[in-house]
Novice: 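This structure is in structure tokens; I'll ask about it shortly.
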Amino acid sequence: MTNPSPTNTLPSNFIRAVIEKNIESNRFAEKKWNGKPGDKSHHNKGSIDKAKIRTRFPPEPNGYLHIGHAKSIFLNFGLAKDYNGACHLRFDDTNPEKENEEFVKGIIDNIKWLGFDWNFNNDSNLYYASDYFELMYSAAESLIHSGQAYVDKQTAEQIKNSRGTLTTPGKDSPWRENQPAENLKLFKEMKLGKYEDGAMVLRAKINMASPNMNLRDPAIYRIKHAKHHKTENQWCIYPMYTFAHPIEDALESITHSICTLEFEDQRPFYEWLLKQLLKNDLLNEPLPKQYEFARLNLTYVVLSKRRLIELVEKNLVNGWDDPRMPTLIGAKRRGYTPEGFKLFTERIGVSKADSWIDYSTLEDCMREVLNESSNRRVAVLDPLKLVINNLPEEFEEDCLAPNHPKKPELGKRTIKLTKELWIEKADFMEEPEKKYFRLFPGNQVRLRYGYVVTCTGCEKDKDGNIIKVLCEYLPNTKSGTPGSDSVKVKGNIHWVSTKYALDAEVSLYDRLFKTEHPGKKSENYLDDINLESVKKIKIKLEENLVNIEPSDQYQFERHGYFICDQESTSENLKINRTVTLRDTWK
RNA sequence: UGGGGAGUCGCCAAGCUGGUUAAGGCACAUGGUUUUGAUCCAUGCAUGCGAAGGUUCGAAUCCUUCCUCCCCAGCCA
């Protein structure tokens, strides 16, 4: 127990356990790979696969990727990397009505952003389910031929009604006993466009009384006269996920097909299909195997595609990349980083238990990464004027501030100290509460990187609002000089010169939903939306930020982490708050 | 009341072919450092593994019964 072996740093989870066992037992030792996906005859012409394992990330290009996908991406690509294997990016584009190129491009960008690619041993493993339509059609034909699929002319409604319920068996379709020859003919006619959408469907012939609903003769091909983003009008019949996915995995020689828990009931069909196609000589052993893990649930967040689409379409957010969105493009614009997501996925682990991760866990990960990587700057978010009375009007002095407190190699920058400064309203209290140690009459604080000052009072307008705080500085207490420690103070406040400060607009984001589990108690998750999830304010920045550009990230000291927005211009600086610093006071 | 899964500290999560005092992370608490009430460092944090029985010298790990939660009846994925 007292030997924490430094080599054993890989996390432990049930999927890694399976992989390690498989590798140890040489399950894939004879597996062939012929440079690209294909059926048995294709791969048999290849050689032993150099990839020890093959995983895949199979998004449907019908929306943007979200944080839940990040978990799957780090899992699949991470596993491949750790075990000297390949991870394919495969677009599961079997439903032309919902899919398009915009989403394909967005998904590719997101995965690259997270730091992954799909190259292995000179192969670019970027595939589309639609690449396999021809092979899938042949597979369907072979199934019909061997009597394991039939064309059903019932309407969708009739099929639904004859499926039975969870506790009662379904009824056989009147077309179930049609002969292969007839089915083959009809299926071909379906393909040729002889029938309208919905006129008939190809079904697997398994068992209408199965306690597993997925085995009650599931539909595997449907008619859709729709233009596909890749194959255009070449097809008017399209395979269903159920049928397509196992075949995609097999053709790509996937070893571990990792998906989420809701597909668990689908696994018997997955295995049934592959076994039939193996028998029909279309596929090789070893066949891919499906493993399921619990999808990510984050408190205060919705992660279902349907809901995200609704938020966008109802203009409840400003598009897919709204910084409040849990999409990867939204998170990126918010200032969340790939390293932060990596830490997050490592921290939450992988298992089969349904779980809800606290949103603060994600924020903590971002803080942890950003604390390390961000240069520091000063910004006053809620400005109040501070006047140093014992300084002449034109006083100007450079103050040296390190770019990073723990990384002196990153150097320092200078900030101009002048007689009039902007400080935070919250850093002054005329009548301090208990334990408050910032500015109040009679108290001393340090102007960070500058001098210690003594507060002498404040001025108010006729309504009693504090409009100006007054103080006097203590010579010889400047930061970095020998006398700087001569006066000990507990408070340390930041400031910017009223003369040199830059103006900017900052968007302060809060969670998009008010409740931990949106929609759980309120029936409709939209009722739980937080109407005050963004607040835009005018702030003052230190002069060194004059050249800040979109995507630049900084820590604004004592506030948090911020990123320059993509719409920012030098005339109109726009900044997003990524996450605040931890605050244990109050 | 069919089938498939899951229940280990506030949140995750190892362990689960039975064997000393139940890993680890996060959170939290208390000290210390600190010119960010941040960071960092140190220490603490489950006689308990959904519950009840049982087997055993010994059980989170095996058996029995029960409880709770999640998923499945798209020509979606």
Side-chain angles (χ1 to χ4, degrees), chain A residues 1 4 11-14 17 58-60 62 92 94-95 97-98 152 154-157 159-161 163-170 197-203 209-216 218-224 237-238 240-242 244-245 259-268 292 294 297 299 305-306 343 346-358 360-361 364-365 367-368 371-372 376 378 401-402 404-406 435-438 445-450 452 479-480 484-485 489-494 555-560 580-586:
Chain A
M1 290 305 269
S12 169
N13 63 51
F14 72 100
E60 182 187 13
N62 69 342
D92 214 345
T94 58
N95 189 349
E97 286 159 339
K98 296 185 174 177
D152 194 337
Q154 292 183 104
T155 63
E157 186 68 16
I159 289 178
K160 181 182 170 147
N161 291 338
R163 184 145 25 225
T165 70
L166 296 179
T167 48
T168 59
D197 287 11
M200 53 189 70
V201 78
L202 184 69
R203 289 229 253 173
S210 172
N212 180 346
M213 298 299 283
N214 297 297
L215 263 23
R216 317 245 262 228
I220 57 177
Y221 255 98
R222 74 295 214 184
I223 301 171
K224 265 185 200 292
I237 57 172
Y238 293 92
M240 302 279 293
Y241 164 87
T242 310
H245 209 87
C259 61
T260 44
L261 253 27
E262 68 269 29
F263 294 102
E264 239 165 350
D265 288 349
Q266 206 88 73
R267 193 172 63 225
E292 310 86 12
N297 292 301
T299 58
K305 233 180 224 182
R306 203 206 94 232
L343 214 210
E346 288 166 356
R347 196 163 278 182
I348 63 176
V350 177
S351 78
K352 297 191 70 152
D354 294 303
S355 60
W356 282 83
I357 308 294
D358 290 339
S360 60
T361 300
D364 280 335
C365 291
R367 283 191 188 100
E368 192 165 323
N371 175 50
E372 196 62 23
R376 314 286 128 128
V378 176
H404 193 118
K406 293 267 164 66
K435 289 190 177 173
Y436 185 84
F437 55 68
R438 280 113 89 183
V445 302
R446 176 173 293 282
L447 296 178
R448 198 162 162 73
Y449 309 129
V452 172
S479 294
S484 70
D485 292 335
V489 294
K490 197 153 187 217
N492 198 307
I493 68 170
H494 65 274
Q555 181 196 100
F556 290 166
E557 298 198 31
R558 301 215 294 137
H559 283 303
T580 60
L581 249 29
R582 284 180 63 184
D583 185 1
T584 50
W585 191 61
K586 284 193 189 179

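Lettering of chains follows the sequences in order, A, B, ..., and the numbering in each one begins at 1.
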Novice: Tell me what Glu372(A) touches on the nucleic acid: a base, only sugar-phosphate, or nothing, going by heavy atoms under 4.0 Å.
Specialist: nothing
Novice: Mind checking if Pro405(A) touches a base, just sugar-phosphate, or nothing, with heavy atoms under 4.0 Å?
Specialist: base
Novice: Separation of Arg347(A) atom CZ from G25(B) atom P, in whole Å?
Specialist: 10 Å
Novice: Contact class for Tyr436(A) (heavy atom, under 4.0 Å): base, sugar-phosphate, or nothing?
Specialist: base
Novice: With respect to the side chain of Asp364(A), which nucleotide from G37(B), A27(B), C70(B) is positioned closest?
Specialist: A27(B)
Novice: OP1 or OP2 of A77(B) versus the side-chain N and O atoms of Thr94(A): is any pair under 4.0 Å?
Specialist: yes
Novice: Applying side chain to side chain contact (heavy atoms under 4.5 Å, CB included), can you list everything that pairs with Asp197(A), at least two apart in sequence or on another chain?
Specialist: Ile223(A), His225(A)
Novice: Please work out whether the ring planes of Tyr436(A) and Trp585(A) are parallel, tilted or perpendicular, with thresholds of 30° and 60°.
Specialist: tilted
Novice: Check every strand shown and say whether Ser351(A) touches a base, only sugar-phosphate, or nothing at a heavy-atom separation below 4.0 Å.
Specialist: sugar-phosphate
Novice: Need one value for Tyr238(A): base, sugar-phosphate or nothing, where a base atom within 4.0 Å counts as base even if backbone is also close, heavy atoms only.
Specialist: nothing
Novice: Which listed nucleotide (C72(B), G37(B), C71(B)) is nearest to the side chain of Met213(A)?
Specialist: C72(B)
Novice: Using a 4.0 Å heavy-atom cut-off across all strands, classify Gly491(A) as base, sugar-phosphate, or nothing.
Specialist: nothing
Novice: Rounded to whole angstroms, how far apart are CH2 on Trp585(A) and C1' on U34(B)?
Specialist: 19 Å
Novice: So Leu581(A), base contact, sugar-phosphate only, or nothing? Heavy-atom distance under 4.0 Å.
Specialist: base
Novice: Quick check: any donor-acceptor pair below 3.5 Å linking the side-chain of Arg438(A) to the base of G37(B)?
Specialist: yes
Novice: When the P atoms of G10(B) and C49(B) are compared, how many Å lie between them, rounded to an integer?
Specialist: 13 Å
Novice: For Val350(A), which contact category applies under a 4.0 Å heavy-atom criterion: base, sugar-phosphate, or nothing?
Specialist: sugar-phosphate
Novice: From A77(B), G5(B), G3(B), pick the nucleotide closest to the side chain of Glu60(A)?
Specialist: A77(B)
Novice: Have a look at Glu157(A) and say if it touches a base, only the backbone sugar-phosphate, or nothing, with a 4.0 Å heavy-atom cut-off.
Specialist: nothing
Novice: Check every atom of G3(B), U36(B), G4(B) against the side chain of Glu264(A) and return the nucleotide holding the closest atom.
Specialist: G4(B)
Novice: Which part of the nucleic acid, if any, lies within reach of Ala156(A) when heavy atoms closer than 4.0 Å are counted: base, sugar-phosphate only, or nothing?
Specialist: base
Novice: Under 4.0 Å, heavy atoms only, any strand: does Asn13(A) hit a base, just the sugar-phosphate, or nothing?
Specialist: sugar-phosphate
Novice: Ignoring hydrogens and angles, are the base of G37(B) and the side chain of Asp583(A) linked by a donor-acceptor pair under 3.5 Å?
Specialist: no
Novice: Just wondering, do Tyr241(A) and A77(B) stack (centres under 5.5 Å, planes under 30°)?
Specialist: no
Novice: Taking only the side-chain heavy atoms of Ser12(A) (C-beta and beyond), determine which of A73(B), C75(B), A14(B) contains the nearest atom.
Specialist: A14(B)
Novice: Could you check which of A14(B), C71(B), C76(B) has an atom nearest any side-chain atom of Met240(A)?
Specialist: C76(B)
Novice: Using a heavy-atom cut-off of 4.0 Å across all strands, would you classify Lys406(A) as base, sugar-phosphate, or nothing?
Specialist: base
Novice: Look at all strands and tell whether Arg446(A) reaches a base, only sugar-phosphate, or nothing, counting heavy atoms closer than 4.0 Å.
Specialist: base
Novice: Classify the nucleic acid contact of Asp265(A) as base, sugar-phosphate or nothing, counting any heavy atom under 4.0 Å across all strands shown.
Specialist: base
Novice: Please determine if a side-chain N or O atom of Arg376(A) lies less than 4.0 Å away from the OP1 or OP2 oxygen of U36(B).
Specialist: no
